Q: 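What follows is a structure written as structure tokens; I'll ask about it next.
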Amino acid sequence: MPGDAQVFVWITLLNGRLAEHIAQVDLGVDIGKAEKQMIVRLPHPKRMGDLAREVGALPSTVTAIADVLESKGLAERERDPADRRAWLLQLTDQGYALRKRMVAEIGAAVRTVTGLSENEIEQLAGLLRKSSGRLLENGIPEVMRLCDN
């Protein structure tokens, strides 16, 4: 099989295995996949509109996710001091603690699923970062968008 076809097969397999592994992790809080993705995307406060663009979702979808996160005590909204018309979404202390745990679980999953060393994971991450601009030229792929139901 040519190398480019192998890349496709292996990245698809890696994505599936990571999703399976992470889905089995009990975070101790009842939230869905979209809420988990949003928590990982919030290392610092972000504008709601920017989040919608990042995840390729309607602003109303991000609002619904923010509602769930707020109801669970994981996030809060506040006006953007730079533009009082805009809202920022930020994690609460409980949300940051959960994010820290999720990031650790993701790291453990990558190491477990791939069997790669830390150095090899950094090399792979570097190659993926290098290609990220090209990967996102046409926006977020449909399979990665948060649901707009």
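In this text the structure is predicted, and so the values were computed from the model without any measurement.
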Q: Quick one: name the residues clustered hydrophobically with W10, using the 4.5 Å side-chain heavy-atom rule over I, L, V, M, F, W, Y, and just say none if it's on its own.
A: L13
Q: Between CD1 of I22 and CD1 of I106, what distance do you get to the nearest 0.5 Å?
A: 5.0 Å
Q: Could you list the residues that satisfy side chain to side chain contact (heavy atoms under 4.5 Å, CB included) with S117, not counting sequence neighbours?
A: N119, E120
Q: Indicate yes or no for a side-chain donor-acceptor contact from Q24 to the backbone of H21 under 3.5 Å, with no hydrogens or angles considered.
A: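 Such a contact is absent between Q24 side chain and H21 backbone.
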Q: List for me each residue that meets side chain to side chain contact (heavy atoms under 4.5 Å, CB included) alongside A52, sequence neighbours excluded, and say none if there are none.
A: P59, V62
Q: According to salt bridge (charged side-chain N to carboxylate O under 4.0 Å, His left out), who are the partners of R77, at least two apart in sequence or on a separate chain?
A: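 Here the qualifying residues are D67, E70.
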Q: Run the side-chain donor-acceptor check on residues 80-87: report pairs under 3.5 Å with partners two or more places apart or on a different chain.
A:
residue : atom : partner : partner atom : Å
D80     : OD1  : A82     : N            : 2.9
D80     : OD2  : R47     : NE           : 2.6
D80     : OD2  : R47     : NH2          : 3.0
D83     : OD1  : R85     : N            : 3.0
D83     : OD1  : R85     : NE           : 3.0
D83     : OD2  : R85     : NH2          : 3.1

Q: Residues two or more places apart in sequence or in another chain: which of them pass salt bridge (charged side-chain N to carboxylate O under 4.0 Å, His left out) with R79?
A: none
Q: Give, for atom OG1 of T114 and atom CD1 of I121, the distance between the pair rounded to the nearest 0.5 Å.
A: 4.5 Å
Q: Only counting residues at least two apart or in another chain, list the ones meeting salt bridge (charged side-chain N to carboxylate O under 4.0 Å, His left out) with K36.
A: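 Partners of K36 by the salt bridge (charged side-chain N to carboxylate O under 4.0 Å, His left out) criterion come out as none, since no residue qualifies.
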Q: Enumerate the salt bridge (Lys or Arg N to Asp or Glu O under 4.0 Å) contacts for residues 10-19, please, sequence neighbours excluded, ordered by first and then second residue.
A: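 For residues 10-19, and leaving out neighbouring residues, the salt bridge (Lys or Arg N to Asp or Glu O under 4.0 Å) pairs sorted by first residue read R17-E20.
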Q: Do the side chains of E118 and R111 get close enough for a salt bridge, i.e. N-O under 4.0 angstrom?
A: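 So E118 pairs with R111 through a salt bridge.
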Q: At what distance, to the nearest 0.5 angstrom, does CE of M38 lie from CD1 of I65?
A: 4.0 Å
Q: Who pairs with D50 by side chain to side chain donor-acceptor pair (under 3.5 Å), at least two apart in sequence or on another chain?
A: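 Listed in chain order: R53.
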Q: I'd like a table of donor-acceptor pairs (distance under 3.5 Å, sequence neighbours excluded) in which one partner is a side-chain atom from residues 88-103, with atom names and distances.
A:
residue : atom : partner : partner atom : Å
Q90     : NE2  : E76     : OE2          : 2.9
Q90     : NE2  : E78     : OE1          : 3.3
T92     : OG1  : G73     : O            : 2.6
T92     : OG1  : L74     : O            : 3.3
T92     : OG1  : Q94     : N            : 3.4
T92     : OG1  : G95     : N            : 3.1
R99     : NE   : I39     : O            : 3.3
R99     : NE   : V40     : O            : 3.2
R99     : NH2  : V40     : O            : 3.1
R101    : NH1  : D26     : O            : 3.3
R101    : NH1  : L27     : O            : 3.3
R101    : NH2  : D26     : O            : 2.8

